[in-house]
Q: 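Right, I'll just put the structure down here and ask away after.
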Amino acid sequence: MLCKEIMRVIEATYPKDAALDFDNVGLLVGRSEKEVNRIYLALDATDSVIESAEKAGADMLITHHPLIFTPLKKVTDEDFVSRRVLKLISNDIAYYAMHTNYDVLGMAELSEKILGIRNTRVLDVTMSGNGVEEGIGRVGDLEKTMTLEECSVYVKHRLKLGSLRVFGDMDRKVSRLAISPGSGKSVVGLAIAKGADVLVTGDIGHHDGLDAVEQGLSVIDAGHYGTEYIFIDDMRRFLEEKLPGLEVMAAPIIHPFQVV
């Protein structure tokens with residue numbers, strides 16, 4: 001199957017125009033006419049991921065986060081990003097990124113299901129049509145009221161994490177949860193406005209967490225990777241269902257840091 005045919009299948013469900021304005025999605029490196037038999041999936045196009053895709057004999061690499069996010073002024077071996085571009089080109093691997101278009105049309109609903117929240121609303125609406133709103137994250141009700149400590153253990157279990165960081169009184173009762181996978185400090189105000197007691201997200205800094213708590217919102221920082229690695233298995237299922245003739249491989253789930 002040609003790369004452009006695979007792109008058409010992906011974009012029928014996750015169109016590029018659903019991505020946010022700042023984003024860079026779609027085919028970023030390689031040939032749309034490339035014949036693809038094997039796809040490799042990962043969250044990021046790191047050196048190790050590209051090397052693994054090469055060793056696996058992949059014809060196409062698909063990641064969530066775009067390797068090329070800001071314009072490249074040159075493509076040489078003197079810069080770590082352009083070195084990766086050169087590696088992809090030299091191995092004739094087509095490289096495709098699906099970032100905020102997937103966040104809006106896939107990740108939000110998937111995280112809602114994993115955390116088991118009900119009566120949900122879109123947290124940050126980015127598009128709407130025919131009475132349907134889509135966007136980043138969800139906010140909804142937990143199955144039962146919990147303490148923040150109980151909720152933290154619940155989130156840790158549901159996301160299969162070894163650790164997480166929590167801002168707030170661990171004895172506080174929470175019943176309404178917002179989830180914004182990835183980096184979520186920008187949605188603190190939205191979570192408060194939509195009645196959330198606790199926000200699950202990643203990349204929360206010291207002052208972000210303190211300020212949220214001062215405004216009545218507890219925060220569970222489950223990590224950027226910890227809230228988004230779910231992309232890998234979800235896209236594997238999607239591609240295997242939609243394109244059964246292709247072999248789909250995936251990077252192992254390896255968190256990018258250790259807690260010691």
Side-chain angles (χ1 to χ4, degrees), residues 14-25 43-44 63-71 97-115 117 120-129 132-142 148 151-152 155-156 158-159 161 163-168 172 174 176-231 234 255-257:
Y14 305 105
K16 291 191 292 184
D17 60 10
L20 304 189
D21 292 340
F22 66 82
D23 210 359
N24 189 28
V25 300
L43 200 68
D44 298 278
T63 68
H64 181 48
H65 297 132
L67 170 61
I68 304 171
F69 206 74
T70 55
M98 44 190 305
H99 189 209
T100 53
N101 53 330
Y102 177 81
D103 284 337
V104 169
L105 297 173
M107 188 85 79
E109 184 176 357
L110 178 62
S111 58
E112 163 193 333
K113 290 178 179 177
I114 289 173
L115 291 183
I117 54 177
T120 57
R121 298 170 59 192
V122 176
L123 180 59
D124 183 6
V125 177
T126 60
M127 59 186 292
S128 60
V132 178
E133 295 181 333
E134 298 287 359
I136 304 295
R138 291 288 190 270
V139 58
D141 300 322
L142 291 162
L148 180 58
C151 183
S152 299
V155 169
K156 181 179 173 180
R158 287 286 183 138
L159 289 175
L161 302 177
S163 64
L164 36 76
R165 298 164 62 239
V166 184
F167 294 87
R172 181 194 179 198
V174 297
R176 190 159 175 79
L177 180 145
I179 170 71
S180 183
S183 183
K185 64 182 180 181
S186 64
V187 301
V188 165
L190 288 167
I192 293 168
K194 293 189 176 180
D197 301 311
V198 57
L199 169 65
V200 178
T201 190
D203 294 347
I204 294 295
H206 173 76
H207 295 290
D208 305 318
L210 291 181
D211 291 348
V213 172
E214 287 296 318
Q215 297 174 83
L217 180 70
S218 301
V219 180
I220 297 173
D221 186 337
H224 199 126
Y225 187 94
T227 52
E228 288 195 331
Y229 77 89
I230 55 178
F231 160 84
D234 187 54
H255 291 263
F257 64 88

Q: Do the non-hydrogen side-chain atoms of Leu161 and His255 ever get within less than 4.5 Å of each other?
A: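 They are in side-chain contact.
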Q: Please find the pair of heavy atoms, one from Gly168 and one from Ser218, that lie closest to each other, and give the distance.
A: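 Closest approach of Gly168 to Ser218, heavy atoms only: CA-OG, 4.3 Å.
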Q: Supply the atom-to-atom distance Leu199 CG to Ile179 CD1, rounded to the nearest 0.5 angstrom.
A: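 Those atoms lie 7.5 Å apart.
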Q: Between CD of Glu133 and CZ of Arg121, what distance do you get to the nearest 0.5 Å?
A: 8.0 Å
Q: Under 3.5 Å, side chain of Glu109 to main-chain N/O of Leu105, donor-acceptor pair present?
A: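 Side chain of Glu109 to backbone of Leu105: no pair is present.
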Q: At their closest point, which heavy atom of Gly209 faces which heavy atom of Ile204, and how far apart are they?
A: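 Looking at all heavy atoms of both residues, the closest pair is N-CG2, 3.6 Å.
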Q: Test Asp203 against Lys185 for side-chain contact (heavy atoms from CB on, under 4.5 Å), laying out the working first.
A: CA-CA 7 Å; Asp203 294 347; Lys185 64 182 180 181; over 6 Å; no
Q: How many angstroms lie between atom CG of Asp197 and atom CD1 of Ile192, to the nearest 0.5 angstrom?
A: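 The distance works out to 11.0 Å.
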Q: Taking all heavy atoms of Ser152 and all of Val166, pick out the closest pair and write down the distance.
A: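 Closest approach of Ser152 to Val166: OG-CG2, 3.4 Å.
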Q: Nearest 0.5 angstrom please: Ile230 CD1 to Lys113 NZ, how far?
A: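 Rounded to the nearest 0.5 Å, the CD1-NZ separation comes out at 11.5 Å.
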Q: Side-chain contact, heavy-atom cut-off 4.5 Å: Asp44 with Thr63?
A: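 Result no, sub-4.5 Å side-chain heavy-atom pair not found.
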Q: I'd like to know if the side chain of Lys156 and the backbone of Leu164 have a donor-acceptor N/O pair within less than 3.5 Å.
A: no
Q: Heavy atoms, side chains only, cut-off 4.5 Å: are Val155 and Leu177 in contact?
A: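 Side-chain contact under 4.5 Å: yes.
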Q: I need the minimum non-hydrogen distance between Phe69 and Pro66, along with the two atoms involved.
A: CD1-CG, 3.9 Å
Q: Start with the C-alpha distance between Val219 and Val198, add both sets of side-chain angles, then the distance that settles side-chain contact (heavy atoms from CB on, under 4.5 Å), and finish with yes or no.
A: CA-CA 5 Å; Val219 180; Val198 57; over 6 Å; no
Q: Hey, are the side chains of Val188 and Asp208 touching, using non-hydrogen atoms and a 4.5 Å cut-off?
A: no
Q: Report yes if some heavy atom in the side chain of Leu123 is under 4.5 Å from a heavy atom in the side chain of Arg138; otherwise report no.
A: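 Heavy-atom side-chain distance check fails, nothing below 4.5 Å.
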Q: How close do Ala108 and Gly137 get, counting heavy atoms only, and between which atoms?
A: CB-N, 3.7 Å
Q: Which pair of non-hydrogen atoms, one from Ala18 and one from Met127, has the smallest distance, and what is that distance?
A: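 Distance-wise, the nearest heavy atoms are CB-SD, 3.7 Å.
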Q: Are the side chain of Asp103 and the backbone N or O of Ile136 linked by a donor-acceptor pair below 3.5 Å?
A: no
Q: Closer than 3.5 angstrom, by distance alone: can the side chain of Arg158 be matched with the main-chain N or O of Ile114 as a donor-acceptor pair?
A: yes
Q: Evaluate whether atom CZ of Phe257 has more than 12 neighbouring non-hydrogen atoms of other residues, nucleotides or ligands under 6.0 angstrom away.
A: no
Q: Mind checking whether Val25 and Met98 have side chains closer than 4.5 Å, heavy atoms only?
A: no
Q: Under 3.5 Å, is there a donor-acceptor pair between the side chain of His64 and the main chain of Ala97?
A: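 Checked: no pair found.
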Q: Quick one: sort the Tyr102 and Phe231 rings into parallel, tilted or perpendicular, breaks at 30° and 60°.
A: perpendicular
Q: CD/Glu228 to CG/Leu159 distance, rounded to the nearest 0.5 angstrom?
A: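 Output value for this atom pair is 11.5 Å.
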Q: Any chance you could measure Glu134, atom CD, to Thr126, atom OG1, to the nearest 0.5 Å?
A: 8.0 Å
Q: Whether the side chain of Asp221 engages the backbone of Arg165 through a donor-acceptor N/O pair (distance < 3.5 Å, no angle test) should be reported.
A: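 No; judged by distance alone, with no hydrogens or angles, the pair does not exist.
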Q: Counting C-beta onward and ignoring hydrogens, is there a side-chain heavy-atom pair between His99 and Asn24 closer than 4.5 Å?
A: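 They are not in contact (no side-chain heavy atoms under 4.5 Å apart), so the answer is no.
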Q: Before you tell me yes or no, could you show the steps for Asp124 and Ser180 under side-chain contact (heavy atoms from CB on, under 4.5 Å), namely the whole-Å CA-CA distance, both residues' side-chain angles and the distance that decides it to 0.1 Å?
A: CA-CA 9 Å; Asp124 183 6; Ser180 183; over 6 Å; no
Q: State, with a plain yes or no, whether a side-chain heavy atom of Thr201 is found less than 4.5 Å away from one of Thr227.
A: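 With C-beta onward as the side chain, the pair stays apart.
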Q: Kindly determine whether Ile220 and Phe167 satisfy side-chain contact (heavy atoms from CB on, under 4.5 Å), including the steps that lead there.
A: CA-CA 6 Å; Ile220 297 173; Phe167 294 87; over 6 Å; no
